[in-house]
Amino acid sequence: MGEKITVENGNLKVPDNPIIPFIEGDGIGPDIMNAAMIVWNEAVRIAYNGKKQIEWKEIFAGEKAFKLKGSVLPEETFNAISDHIVAIKGPLTTPVAGGYRSLNVTMRQKLNLYACVRPCRHYKGVPSPVKNPEALDVVIFRENTEDVYAGIEWQQGTGDVKKVIDFLNKEMGTSIKEDSGVGIKPISITGTKRLVKKAIQYAIDKKRNSVTLVHKGNIMKFTEGAFKDWGFELAVEEFRDYVITEDELWDQVKADDGVTPLTKPGAFKDLRGGKEAGNPGGRIVIKDRIADQMFQQVLTRPSEYAVIALPNLNGDYLSDACAAQVGGLGMAPGGNIGDYIALFEATHGTAPKYRGMDKVNPGSLTLSGVMMLEYLGWNEAAELIKSALEKTILDKKVTYDLARQMENVEPIKTSEFAKEIARRMK
């Protein structure tokens with residue numbers, strides 16, 4: 001019998017046989033979950049000589065939950081995740097327009113999983129549309145509960161939206177067209193600071209040299225602009241001994257040279273050598289970038305970024321764009337993390353046309369399990385998987401999505417891919 005993970009003195013206490021709930025997922029969910037479990041279980045077995053083992057506990061959401069429980073998201077599912085602290089899930093169907101609300105968003109908000117964490121790095125051998133995909137190695141912290149994803153909106157043509165539009169136009173001086181749908185974009189001090197705190201703490205723990213706040217504050221000054229301001233406030237208030245802002249580095253350059261940064265092109269790049277005025281002195285540099293600029297920077301200057309913190313919508317866009325540079329969503333892991341509770345997940349959709357075909361790439365879910373193992377502190381098992389996955393891809397034992405981008409490579413099945421990874425563990 002397994003034991004529950006608990007929290008003691010602000011830290012996870014993980015037994016050698018933790019009970020971890022899993023949600024199989026819709027569409028291709030069963031295929032990729034079964035494959036990923038082969039990899040996770042073998043890595044744990046080898047890394048700890050059989051002394052540790054995950055006890056899996058199936059819980060339900062989505063189509064399977066509706067068939068078995070009469071609800072797409074039963075209350076007992078939330079209770080199980082809260083009770084066991086750490087869980088993992090496959091993809092769940094999200095209807096476009098009508099139908100029920102996104103299950104993913106609902107779970108994040110109800111469990112207060114305020115940070116969506118998405119590492120984006122390249123594994124050798126994975127096809128990529130860019131020349132040097134290895135230059136991008138970032139961890140994205142996307143705020144998970146606010147912004148337009150809060151779901152506060154009114155449908156065009158309804159009595160409620162008319163009330164909202166009338167109030168805004170008459171009382172607040174706006175000029176919203178009468179045939180509009182309306183949504184609200186809340187961004188709070190609380191939501192911003194707890195996300196940025198988690199991002200900076202991650203940079204400290206993992207010895208990453210910068211945290212960049214990405215926003216559209218030049219246009220949305222009191223929401224996204226405030227996200228930037230509150231993020232800098234938090235950095236200085238709580239991490240003063242660990243961080244230095246980019247502006248402070250520029251001030252050092254000006255004080256040393258008597259010139260402005262604009263008259264010394266490339267000054268900041270030079271400072272990274274660690275010997276000139278403005279050297280961060282081993283501290284983490286806190287930067288900010290406008291969102292549209294950042295989309296260019298991750299392509300043209302990816303090595304200048306390590307940890308990125310963003311509001312919800314920008315984070316959704318940028319994490320997928322970064323994933324595209326290193327092989328696509330099939331190789332993109334993710335986790336939704338609160339103060340302690342963590343729900344790791346495949347970051348792609350359900351691909352229902354491939355349901356039951358044993359065809360798709362289980363890489364995203366497999367690597368989300370790597371994040372889960374790292375969260376447990378089981379780093380040896382996590383490293384085994386990453387190394388074996390890279391060897392498998394270099395040996396061109398890959399599923400169809402990767403095989404079609406390689407020359408003269410025959411694809412293998414989802415389950416076969418998992419077995420090939422397991423075979424390469426030592």
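All figures in this text were calculated on a predicted structure; none of them were measured in a lab.
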Salt bridge check: are Glu304 and Arg289 linked by an N-O gap of less than 4.0 Å? no

Classify the side-chain pair Glu143/Thr145 by whether it contains a donor and acceptor separated by less than 3.5 Å. yes

Could you state the interatomic distance from CG (Asp26) to CG (Leu92), rounded to the nearest 0.5 Å? 5.0 Å

Could you check Thr392 against Val398 for side chain to side chain contact (heavy atoms under 4.5 Å, CB included), going step by step and ending with a plain yes or no? CA-CA 7 Å; Thr392 304; Val398 294; 5.8 Å; no

Does the cation-pi check pass for Lys359 over Tyr354, that is, NZ or CZ under 6.0 Å from the six-membered ring centre and within 45° of its axis? no

Side chain proximity check, Thr192 to Ile187, heavy atoms < 4.5 angstrom: yes

Taking the six-membered ring for Trp and the full ring for Phe, Tyr or His, determine whether the centres of Trp56 and Trp40 are under 6.0 Å apart. yes

Is it the case that Glu224 and Asn314 place a side-chain donor and acceptor less than 3.5 Å from each other? yes

Would you tell me whether Asn336 and Arg142 have side-chain atoms, one donor and one acceptor, within less than 3.5 Å of each other? no

Does a donor on one side chain and an acceptor on the other come within less than 3.5 Å for Thr414 and Asp31? no

Atom CG of Asp288 and atom CG of Leu213: how far apart are they, to the nearest 0.5 Å? 6.5 Å

Main-chain N/O of Ile204 paired with Arg208 side-chain donor or acceptor, under 3.5 Å: no

Would you call Lys110 and Glu75 a salt bridge, using N to O less than 4.0 angstrom? yes

Would you call Glu63 and Arg355 a salt bridge, using N to O less than 4.0 angstrom? yes

Ionic contact status for Glu374 with Lys386, cut-off 4.0 Å: yes

Is the NZ or CZ atom of Lys287 positioned over Tyr305's six-membered ring, under 6.0 angstrom from the centre and within 45° of the axis? yes

Taking atom types as modelled, find out whether Asn408 and Lys396 have a side-chain donor-acceptor pair closer than 3.5 angstrom. no

Testing Leu318, Thr300, Val214 for side-chain contact (heavy atoms from CB on, under 4.5 Å) with Phe295, which one passes? Leu318

Quick one, Ile59 and Glu76 - any side-chain contact, counting heavy atoms below 4.5 Å? no

Is there a donor-acceptor contact under 3.5 Å linking the side chains of Asp205 and Gln201? yes

Check for a donor-acceptor pair, side chain of Lys124 on one end and backbone N or O of Lys391 on the other, with a separation under 3.5 Å. no

Considering only heavy atoms from C-beta outward, does the side chain of Tyr317 approach that of Leu310 to under 4.5 Å? no

Between the side chains of Arg45 and Glu380, is the shortest nitrogen-to-carboxylate-oxygen separation below 4.0 Å, so that they form an ion pair? no

Six-ring centre of Phe141, Arg118 cation under 6.0 angstrom, axis tolerance 45°: no

Does this structure show an ion pair linking Lys419 with Glu416, if we count only N-O contacts that are shorter than 4.0 Å? no

Less than 6.0 angstrom from the centroid, inside 45 degrees of the normal: does Lys64 satisfy that with respect to the ring of Phe60? no

pair Lys4-Ile85: side-chain heavy atoms closer than 4.5 Å: no

Using a 3.5 Å distance criterion without hydrogens, assess whether the side chain of Asp83 forms a donor-acceptor pair with backbone atoms of Asn79. no

Can any side-chain N or O of Ser180 pair as donor or acceptor with the backbone N or O of Val182 at less than 3.5 Å? no

Do Gln325 and Pro129 come within less than 4.5 Å of each other through their side chains, counting heavy atoms only? no

